[in-house]
A.B. asks: 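Questions regarding the structure given below will be posed in turn.
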Amino acid sequence: MAATDPRIDRYIAQSPDFARPILQHLRKLIHKGCPAVVETIKWSRPFFEYKGALLCNISAFKQHCSFGFWNAGLLSDPAGVLRIKDKDSMGNFDRIASLEDLPSDKIIIAFVKEAAALNQEGVKKSAPAKTGKPKAALPVPAALEAALKKNKKAQAAFEAFSPSHRREYIEWITEAKTEPTRDKRIATTLEWLAEGKSRNWQYMKK
């Protein structure tokens, strides 16, 4: 293999016994398919980059491993072995509990080469299409509605907010486990609204 990242060495060493040979094998095939690949750690798991873009990743869980390509949806799959589903911890090959769960080395290397070619050409996966209807507006809790009627400034700010910003406050209040916690959140809500602040104003870039 070419240059390796010691953090991935540690990740593999700390993985469950069954996972180590799987991760080591996949790592070897990734380097074989793309000798110039760059190893790194993102979101606490091993990733592989090429030409400054993500190529693929490997992960170990308690009872299975996962292996996925960043541009999986753009890869040709004549053998029909790719599993395409966004945000899935199973990766593109379902649960991998042993080396026998993987397709042949030839197929994996072909995927790596094709993914690398896409990165070479600067091809990026398209953003997933938005499906379904917009979220319905949440009803304003009676306690919040009553409090808003007593604070016109806060009420005006709340009504001027976008549906998503109003939803953030409503969910925060309705998720309170106890009445005292709910009342405290309503008081904070009124204070922030009077200042024109959204629920997550602390995290917004200045």
A.B. asks: Just to verify, what does Thr178 make a side-chain contact (heavy atoms from CB on, under 4.5 Å) with, not counting sequence neighbours?
C.D. replies: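 Listed in chain order: Pro180, Thr181.
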
A.B. asks: Starting at CZ of Phe93, measure out to CG of Asp101 and round the result to the nearest 0.5 Å.
C.D. replies: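 Between Phe93 CZ and Asp101 CG, I get 12.0 Å after rounding to 0.5 Å.
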
A.B. asks: Mind listing the closest non-hydrogen atom pair of Pro141 and Ile170 along with its distance?
C.D. replies: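 Pro141 and Ile170 have their closest heavy atoms at CD-CG2, 3.9 Å.
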
A.B. asks: Measuring from Gln63:CD to Arg95:CZ, what's the distance to the nearest 0.5 Å?
C.D. replies: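 Taking CD in Gln63 and CZ in Arg95, the distance rounds to 7.0 Å.
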
A.B. asks: Heavy-atom distance under 4.5 Å between the side chains of Leu190 and Gln155, does that happen here?
C.D. replies: no

A.B. asks: Between the side chain of Asn57 and the main-chain N/O of Pro46, is any donor-acceptor distance below 3.5 Å?
C.D. replies: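 No: the side chain of Asn57 does not pair with the backbone of Pro46.
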
A.B. asks: When the side chains of residues 8-20 are checked against the rest of the protein, which donor-acceptor pairs come out under 3.5 Å, sequence neighbours left out?
C.D. replies:
residue	atom	partner	partner atom	Å
Asp9	OD1	Arg27	NH1	2.7
Asp9	OD1	Arg27	NH2	3.0
Tyr11	OH	Ala60	N	2.9
Ser15	OG	Tyr11	O	2.7
Asp17	OD1	Arg20	NH1	3.0
Asp17	OD1	Arg20	NH2	3.2
Arg20	NE	Ala13	O	3.4
Arg20	NE	Ser15	O	3.1
Arg20	NH2	Ala13	O	3.4
Arg20	NH2	Ser15	O	3.3

A.B. asks: Classify the angle between the aromatic ring planes of Phe67 and Phe69 as parallel (below 30°), tilted (30 to 60°) or perpendicular (above 60°).
C.D. replies: tilted

A.B. asks: Please find the pair of heavy atoms, one from Glu159 and one from Arg166, that lie closest to each other, and give the distance.
C.D. replies: O-NH1, 3.5 Å

A.B. asks: Would you compute the distance between atom OG1 of Thr4 and atom NZ of Lys28 and round it to the nearest 0.5 angstrom?
C.D. replies: 14.5 Å

A.B. asks: Is there a path of hydrophobic side-chain contacts, each under 4.5 Å between heavy atoms of I, L, V, M, F, W or Y residues, that connects Leu26 with Val38?
C.D. replies: no

A.B. asks: Would you give the length of the straight line joining atom CG of Leu193 to atom CZ of Phe158, rounded to the nearest 0.5 angstrom?
C.D. replies: 7.0 Å

A.B. asks: So if you build clusters from Ile, Leu, Val, Met, Phe, Trp, Tyr with side-chain heavy-atom gaps below 4.5 Å, do Leu74 and Val37 land together?
C.D. replies: yes

A.B. asks: Trp172 vs Trp192 aromatic rings, parallel, tilted or perpendicular, using cut-offs 30° and 60°?
C.D. replies: parallel

A.B. asks: Side-chain contact, heavy-atom cut-off 4.5 Å: Val123 with Asn71?
C.D. replies: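 When only atoms from C-beta onward are counted, Asn71 and Val123 do not touch, as no gap falls below 4.5 Å.
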
A.B. asks: Do Ile58 and Ile30 come within less than 4.5 Å of each other through their side chains, counting heavy atoms only?
C.D. replies: yes

A.B. asks: Could you go through residues 105-122 and list every donor-acceptor pair under 3.5 Å that involves a side-chain atom there, pairing it with any protein atom two or more places apart or in another chain?
C.D. replies:
residue	atom	partner	partner atom	Å
Asp105	OD1	His25	NE2	2.9
Glu114	OE1	Ser76	N	3.3
Glu114	OE1	Ser76	OG	2.9
Glu114	OE2	Ser76	N	2.9
Glu114	OE2	Ser76	OG	3.2
Asn119	ND2	Tyr50	O	3.1
Asn119	ND2	Ala53	O	3.2
Asn119	ND2	Leu54	O	3.3
Gln120	OE1	Tyr50	OH	2.9

A.B. asks: What heavy-atom pair brings Leu55 and Cys34 nearest, and what distance separates the two atoms?
C.D. replies: CD2-CB, 4.4 Å

A.B. asks: Which atoms form the tightest heavy-atom contact between Ala97 and Ile22, and what is the distance?
C.D. replies: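 What the structure gives for the nearest pair is C-CD1, 3.6 Å.
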
A.B. asks: What distance do Leu144 atom CG and Asp183 atom CG have between them, rounded to the nearest 0.5 Å?
C.D. replies: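 Taking CG in Leu144 and CG in Asp183, the distance rounds to 11.0 Å.
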
A.B. asks: For Leu23 and Cys65, work out which heavy atoms get closest and say how close.
C.D. replies: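 The answer is CD2-SG, 4.1 Å.
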
A.B. asks: Return the NZ to CZ distance between Lys177 and Arg182, rounded to the nearest 0.5 Å.
C.D. replies: 14.5 Å

A.B. asks: Is a donor on one side and an acceptor on the other found under 3.5 Å between the side chain of Arg199 and the backbone of Tyr169?
C.D. replies: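 Checking the backbone N and O of Tyr169 against the side chain of Arg199, no donor-acceptor pair under 3.5 Å is found.
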
A.B. asks: Over all heavy atoms of both residues, which pair between Ser59 and Arg45 is shortest? Give the atoms and the distance, please.
C.D. replies: OG-CD, 2.8 Å

